[in-house]
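Order of the sequence lines sets the chain letters (A, B, ...), proteins ahead of strands, with each chain counted from 1. Only a predicted model underlies this, so the values are computations on that prediction, with no experimental measurement involved.
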Amino acid sequence: MKELTILLLERIGLLLVIAFVLTRIPNFKALLYREGNKKITIIHAFIFGLFAIAGTHLGFVFEQGEGFRHGFIWSVKPDQMVISLSLIAVVIAGLLGGPGVGLGAGMIAGIHLGFLGGVGWLANVLVNPMTGLLAGLTGRFFSKARVISPIQALFIGVFPPILHMQILLILYPHHEQMLDFVNVAGLPLVLSNSIAIAVFTAMIGVVLKEQENEAAFATKQALTIAEEALPLLKSGTLRDQADGLAHLLFERLHVAAISIMSQKEVLAFKGLGADYHNGQLQLTPLLKNALETKQIQTAYTKLELSCVHPECPLEAAIIIPVIEPNDTTSLINLYFRKPQHIRPVELMLAQGIRQLISKQLKVVASENLQASIRDAELRNLQAQINPHFLFNTLHLIATLFRIDPNRARHITIQLANFMRFNLGIASESLISLEREWEHVKAYIEIIQARFSNRIHIQFHSNRIPSHVLIPPSTIQPLVENSVQHGLKNVKENGRIIISVQAKGEWLEISVEDNGIGFSSEQIKRSSWLSNPKKTHQGVGLNNVNQRLIGLLGERSRLHIENLPTRGSKVYFTIPMETREKPT
Amino acid sequence: MNFTYFLFFICIIACALIITNWAAERSSTTFQFYTAAGRLTGIQNGMAIAGDYISAASFLGIVGAIALNGYDGFLYSLGFLASYLVVLLFVAEPVHHLGKYSLADVICTRFPSNRTRFIIAISSFIISVFYMIPQLVASGLIIRLLLHVDYSMSVLIIGSLMTVYVVFGGMAATSWVQIVKTILLMSSTFLLSLIVFSYYNWDIRTLIDHVKVGTPLGDQFFIPGHLLSNPIEMISLYVALILGTAGLPHILIRFYTVKNAAEVRKSVLSASWIIGFFYLITLVLGLGVAAVIGYDQLIAVDSTGNLAAPLLAKALGGDFLLAFIAAVAFTTVVAVVAGLVISASTAFSYDIYHHIIKKGKTTEKEQLRAAQWSALAIGLISTLFALGLKNSNVTFLVSLTFIIAASSNLPVILLTIYWKRFSQTGAIIGLVSGLVASLILLFLGPHIMHMENGWILSEPIVHLYNPGIITIPIGFLGAIIGSLLFPDKKQIDFDSFYMKAQMGMDIRRDNR
């Protein structure tokens, strides 16, 4: 009995080596992930069934009078009996995959043993499926977790050989050989089986733990990336941001390539094939889908990626749409060399990055908006006490009193209006266009009076719709900009045209002058207009722009252009019907 | 049996107990200690009830009784099974609705007084101790068979081991041990019975022919009248068995471990199925023993028949099967003892310590401590008793417990739930008279007073081995007459009590 035990343990050692190698194959881990559907059950049953067959061949042959044959099992004579190790694999199948997998694997093992034949073949045929089924049910019953603990497995592993012995006794009641066999082989089988099952369960536990660690790592990764991305997202132009982000992601994630795209073009590309992936964006169905649904898309074939380059090494990709606060969507694409490289961990990571970066963008945007609003308040505060403006205007009024007291009185009232508006400005984020218009008018009258010989200001407007909403003090800075910069050096015939025109659902408001216009650098920068250097000129326009985008959306951004003749035009559109955007 | 197989035996028991440890880690509050926190499902609880109920007496004793006495042995099985009808129809649901931890809760919902609580606690205590004795006897016999150590030694070891086990495990652990034990016991006995059938080529007539050869009774084997010659004894035994279960505290507190009345019904039904099936198996095993081993050989090993099942296993499957079946029997004993200790220590720590001594002002921790101490005490007391009782068939010892339960607890429970004019004094009188009457009659009966091998060597005063037919009516009469003579001064609202008992406006909800 002792000899048999040691032999069995040796054989089980071999079996466990095979099992260990199995668990090291990356695809085996993938097997543990997916469960619940019929196909997987059948595949699992098949794999464990093969494993059980291996266990059978690693067993021995028992022959009455001659004891045990030490070789592996290849064929069995009618008076010999198989001592199979298949039950180990079958129990594991049941514990791991549930009753279905256990039964399936048991049936495969049982049928194979049935064909091998020998004494007790019927017991072998019966006990394997039964054990698989029972082990599956037991596993379900004892533990809600997917893999039960090794000690529990040890406990459960004691019983299958006992069942086997009892079935042998039921089927061969008067067989002297059988009673001998049960007494000699029963205990060693119980011992070796339960140990093997416990060790195997522990092995699977290790694999699962590795997976859990991977998941934890992915989470941590996403968080680190988000944290490091924050300073990048705050600074520079959109292209700089994209470059920085692509760089960061490429460094942090072990992917073949990274690209970041706006809706129109590839902003940055890093990694394999960087030379031909830049430039104009060709909108593949997958990208389109990602932009429309705003859901993560995965490409598992080259066809789906439809790269222009015929020998592109990238075969798979995860496409992550990132929603920016102004409702445009950018895409971050993670490229992989092989579709198998996309594991659930990567998908989880993508999900995490998408959410975190969207959040970060929102944070950055709201910080910008807050800053702009603070700026506007500050500016108006300055305007309230702007000594130059005030003194000049007072001086103007003093002069006018002698020439035209009525006009002087009118200007005084306008000054009062202007000042009063400035006082109330901080309290609301959107006001009616009518009130804004009053403000602009007051300002213009004062300016007009001051520079009556230099600047002429015109309105082009049929009618100011009263219900349209606009951020306060939006138009006045544009006029001020024209007066102080565009027409700074114009001695006479300066002209400012302010027009308000309805264009469908939208209202276009523009301020034109015939001054020096903008430098080309200013215009270029204005198309990003995120954080221009604080040159004196840019501040006012940029502040207006930020508030327009922040409060009314991307379509209301400020446009700047030079007129073909001379001078410049600054314009923006606001919606006729505004629902206030929550910030 | 050699030492290797003894290790195997130990290993299987250890396996069964490991589960208890997992469960025990979670059981720390009183509520969990007593009732497994109401988290078992109906079927699980049914298995646990079956586990509590199928004691060593049933497994070892009945197989032996059938093998020795034929039809009369089977009578015990029938009685044990039929008693579940009484439980299901009259007692199970009201007990669930009215109680929280102990049996006394049920009675005290109607008669809230410490005196009632005290007496019920005492009777629960006595019943549990009585029931525990045969379990210990059985386990002692098994150990003796396996290891050939002295009987008293094995009883001492087993008694203390089991007590320690319950002290640290609590009810959650015991519930799981019951469930595991039920599964183990059912499957192993079922397979053993299949081996018996296959031994006789699946032909029942061959089996019966061999039975007739194996037993000295011959054809008489299948006819009543060997064990109980007197029809009064037979009726008496039957009445006690059928009514007894509904008065067993360790079975009744099982109905607290499920969530609602539907689960209670489900648990009683599944328990009845399991138990019924089990007794069919024991019938086969009993016949198998008579046929395979034969009367003479059985008597030679153990005159009480208690070791019939292990001997059968050895004959059919060698030492391997013997060790396994013995381990299963042993687990059975552990499980039942655990349940009994819990019910007895609940009676002490919750009813007497918490409610009476400390007036309901104890922390859960103190109660748990008290329960553990009382579990220890109970273990010791029953071990001492078991030392003196090795020469009895354990089924027979169990039936004595049933007599006490049926005469004391049952009348009070039934009348409390169903009789409007029942009074507190009536309850106390009924309990005391039933308890005292059954104890006295047992003392004066042929178990204790016996000319040849009794504790008191004299002619018994009462000749009935089963005095249930006298004591059970005494219990009922005591309760009824007591109530009529001393009605309660202020009547409680019986209708709303009855509603609560039957419909379950669950009083336990306020206490969670």
Note to self: With a 6.0 Å cut-off (strictly less than), is the heavy-atom count around CH2 of B:W273, excluding the residue itself, greater than 12?
What the structure shows: no
Item checked: Nearest heavy atoms of B:I195 and A:L169, plus distance in Å -> CD1-CB, 3.6 Å
Margin query: If you count every heavy atom of other residues, nucleotides or ligands that lies below 6.0 Å from B:M186 atom CE, does the total exceed 12?
Written below: yes
Check: Is chain B contacted by the side chain of A:V182, its backbone, both, or neither, given a heavy-atom distance below 4.5 Å?
Finding: both
Check: Is the backbone N or O of A:N183 less than 3.5 Å from a side-chain atom of B:D319, with the two atoms forming a donor-acceptor pair by type?
Finding: no
Notebook entry, point to check: Is chain B contacted by the side chain of A:L187, its backbone, both, or neither, given a heavy-atom distance below 4.5 Å?
Noted result: both
Next item on the list: Measure distances from B:L321 to the heavy atoms of chain A and classify the residue's part below 4.5 Å as side chain, backbone, both or neither.
Entry: side chain
Notebook entry, point to check: Any side-chain heavy atom of A:L163 within less than 4.5 Å of one from B:L191?
Noted result: yes
Check: Which residue out of B:F320, B:Y200, B:F197 racks up the most heavy-atom pairs below 4.5 Å with chain A?
Finding: B:F320
Check: Do A:Q166 and B:F324 have side-chain heavy atoms sitting under 4.5 Å apart?
Finding: yes
Notebook entry, point to check: With a cut-off of 6.0 Å (strictly less than), are more than 12 heavy atoms of other residues, nucleotides or ligands near CD1 of B:I204?
Noted result: no
Check: Hey, is CG on A:L122 packed in by over 12 heavy atoms from elsewhere, all under 6.0 Å?
Finding: yes
Next item on the list: Would you mind checking which part of B:L7 comes under 4.5 Å of any heavy atom in chain A, side chain (CB onward), backbone (N, CA, C, O), both or neither?
Entry: neither
Next item on the list: Determine whether B:F8 and A:I162 make a side-chain contact, defined as any pair of heavy atoms from C-beta on separated by less than 4.5 Å.
Entry: yes
Check: Is it the side chain or the backbone of A:Y172 that comes within 4.5 Å of chain B heavy atoms, both, or neither?
Finding: neither
